[in-house]
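Convention: sequence-line order gives letters A, B, ...; per-chain numbering from 1.
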Amino acid sequence: MELLLAIAIGVLVAGGLYLVLRAQTFSVVLGLVLLSYATNLFLFASGGLARNRPALIAAGPPYTDPLPQALVLTAIVIGFAMTAFVVVLALRARAELGSEHVDETGATLDDESPDDADKEEDR
Amino acid sequence: MPIAAIILLPLLGAALPPLVARHGRPAPAWAAALVTSAALAITLWLTPQVLAGGEIHSHRDWIPLLGLSLSFRLDGLALLFVLLITGIGLLVFLYAFYYLPAKDGLGRFYALLLLFQGAMLGIVLSDNLLLLLIFWELTSLSSFLLIAYNPQTRVARQGARMALAITAGGGLALLAGFLLLGAIVGSFELSVVLASGDLVREHPLHLPALLLILAGAFTKSAQFPFHFWLPNAMSAPTPVSAYLHSATMVKAGVFLLARLFPVFSGTETWFYLVGGVGMFTLLFGAYIAIFKHDLKGLLAYSTISHLGLITFLFGLGTPLGAVAALFHVGNHAVFKASLFMAAGIIDHETGTRDMRQINGLWRFMPYTATLAMVAAAAMAGVPLLNGFLSKEMFFAETVHTDWLGPLNWLIPTAATLAGIFAVAYSMRFIHDVFFNGAPIDLPRTPHEPPFWMKIPVAVLVAACLLIGIVPAQTVRPILDVGVDSLLGFSPDFSLAIWHGLSLPFLMSLIALLGGLALYSQRQRLFAAHDRYFPRTSGAAAFQYTVLRVRQLANDLIARIDNESLRRYVAWLIGTTIVLAATPLLLGDFHLAGERAPTPLDGIAATILLVLAVATLATVRVRRQRLRALIVISLVGLMVTLTFIHFSAPDLALTQLSVELITTVLMLLALFFLPGDPALSVSRWRHRRDLTLAAVAGLGTAIVAFALMTRTTPSISDYFLAFSKPFGGGQNVVNVILVDFRGLDTLGEITVLAIAATAIVALLWRLRLPIRAGDPTGRPWADDRHPLIMAAMSRPLLPLALTVAVFILLRGHNSPGGGFIAGLVAAVGLILQLLASGLAWTEARLRVSYFALVGVGLLLAAATGLGSLAFDRPFLTSATLHPHVSILGDLELASALAFDIGVFLVVLGTVMLILEGLGRLNRPGAANMSPRGED
């Protein structure tokens, strides 16, 4: 069973990273979501797999390891906030740069930064 | 701890001036003066005790493991400096009020000055080397901010950067030196260090420690070859120069020499290093000062020269040398501060500081001229003024020096030469500014400055006279205790004005007459200087280095950085693979661990198979975005099932609700993200990406498998054992979240709140084109809010909220808790947004989601603080177990309040995000502000 789960995690990581390396912002978002699934499963699995042994005192021992679960629980929620942030960032980039390409810098729109001015003066 | 109060008053008081700045200009000035007066008053209250020979100590542990403690000492040496820092500080505050332009609100200025003052007081009062170093660096930082007070000008920025680089660099050397010294002595407490002079001087690490500490002192006190930052720091507003560059900042270095005098002085190395550098700086500074056309430039080099004089006197290592050095510290501070102020007045009134333009000001400002001339005479060492007394002591000491054997005569000769230079540049300050014909092309017509602007100068000049005429009645007591704290005894010395026709007096006379003669021949001198003096300067070398380093960095960046996110990510993944793979490949690594594998079961196998296939399908259909979204939520669903299958009900509940919300979020966003036309990707890049992804996936799978098949000692047994007795809950996962690791959770919900704020900020005034139809050209449905959906969804809301409350309350004992409850409640609300629209929901739900997040955070933090009231550590929980029907054994732990806080933050965050996105859909929505801001 461990082998199967490990392979599933591996597939998630591979798929996620491949998507993160794409040029379109939406693909990157999808990739990040896959990666966070992979990370959560990885963390969760690090405590070992156990069936029908929830960490509820009422259910009686033996229990599964509760610590990775606590870590993953908050990670899921924070992962959502991160996904939302990246999605909104993509929206903002679309509005400001008129493109969904991750490497769009909008260099033509940018004003000269004060540091550049300093550099010019120094020469 | 009254001593700590002397430091804390200005440090904390620095917050006052900006706060009161909106009540007009005088308010911040009064606030700053009040704070400093209070510090001065405490000092004066303690002064009799110190003068009676009692050092005052206070001690409090800070980080005992590092040897860092909050220990302070007020001895004679510290007293002298504290009086200078606070006294001259007050005068500078008054002066600055008139000096700075009326449009400056002064809040920032006085705040920075107070910050600097507090740091400076910290240096002189610290009784712990590491503590002293912290204040030392704080002076470097605050002086950087003060020099660059007008950051618009390039000169100010460069001057500030240079001062920071040199003094903070010296600070690093000082840290290393202190660490060595602490290692030699075995303690960082100054009291211990001062008593271990013999031990230190005979230790093999003596020389490196001394060199590093001297590097710190010499950079701060602008000794050659580190002197050049000081003239460049003259771009600071003049009150800053009057304060930092005469009385305080630059004196920190010589203070350090004085402080460690008992430990290091008296050795040959000490004399040649400190005495040699001091003497050279004395001569060099005095010589250069003659040729500076800028008023403040002249004063800056004169300061360098006088600091050299003080350094030299400490370098002699004799008791009387120390007396003269301390005396000159005070004298120089007094006359140089007044001279800087006078220079500032002249600059203020004429609009320039160039002495080639400023001439004959006597006719325009006789009062200021008189004051400035007296102060300049003190600088030259004219009898009846304070500068004369300490200079004469200096001459006397040079005569009695016996370090150079047959070349002993060199020292008094060099001293006299320096005296001649000093008289020459002082003469130039007097004659070239106030006489010497009429002014040339002044930007403004000069006249006397405001009355109160002259007062600080007058007070300082009066002090010059008073000390110069009746030294025994004015400064003698402080000087006595000051020297006592250096030497452990008060040497016999005379402060009389007339010692008879002695050799030192003769030297003074030669210096005076020689200086006048030299000045009268200045035209020839200037020509010779221009012709023969080498045209190199430390400042130019420094600027060149800075420029080269920056160019090098730019070239390097240009070479490796093409501003492509994809390239960054590829590098990141590649590096991670290498780092992670190295130990696996090099070490003795067995794939499977000792733990018996769990048997294969059909359900799990199916779940994982679907998960893997759906993942690959997501990658495949990523361009058909709606389809990709559906497939990826299938992946999420399988993850949820995995959690259920392997005994993690809490995780499954969380994942399921997050899945719902994420899908809604993505759907909302997809409306605005139609996608760009596909760009062709090179075959090489495609292969690279595939390889990276595959290798990383394989590696993760291997590590995951290895981890799952091993048992490691875990702290979970503790949580399982004490969840019920300590945390009062049966759901261990929840107890860990709200109790055992409550601080982590507090941090995590703070992160949520920050993310929500950032998202709201990104959505602020965001305008995106609303398209008429989907990418294939089909128009959107007319019916924005279908009736049936609205009718179905409304009854679900109370149901969802009830479930949320239920989950929240039972969370401590059964699967549930604040996180899940928050998500469930959010799902209920989002459903209304989708089905009935934003306006409909808004009209019925008058809640600010911002307030929800804020109240939640406060509640969680307050619960934690509550335990402090019972003398328990932050976030200790207390429990109560009333039995309520239906809900069962209800948990009324304080942890419940904490969990409610979590609930509110999660709910508020999710709603802020989704509602913000939902607003984008409203055509013509001009103001995207979330309701919390109305």
| field | Selection from A:F85, A:F26, A:F42 maximising heavy-atom pairs under 4.5 Å formed with chain B | value | A:F26
| remark: Per-residue tally against chain B (heavy atom, under 4.5 Å) across A:A90, A:S46, A:A23, A:A8 peaks at A:A23
| Residue among B:I749, B:I661, B:V733 with most heavy-atom pairs under 4.5 Å to chain A | B:V733
| task | Please determine, among B:V906, B:N734, B:V910, the option with the most heavy-atom pairs under 4.5 Å with chain A. | result | B:V910
Contact class of [X] relative to chain B, heavy atoms under 4.5 angstrom:
X	answer
A:L4	both
A:L89	both
A:Y18	both
A:L19	side chain
A:V28	neither

| task | Please flag which part of B:D601 lies under 4.5 Å from any non-hydrogen atom of chain A: side chain, backbone, both or neither. | result | both
| message | So does A:S27 get a backbone contact from the side chain of A:R22, meaning a donor-acceptor N/O pair under 3.5 Å? | response | no
| Short question: side chain of B:T640, backbone of B:Q655 - any donor-acceptor pair under 3.5 Å? | no
| Under-4.0 Å salt bridge between A:D103 and B:R567 | no
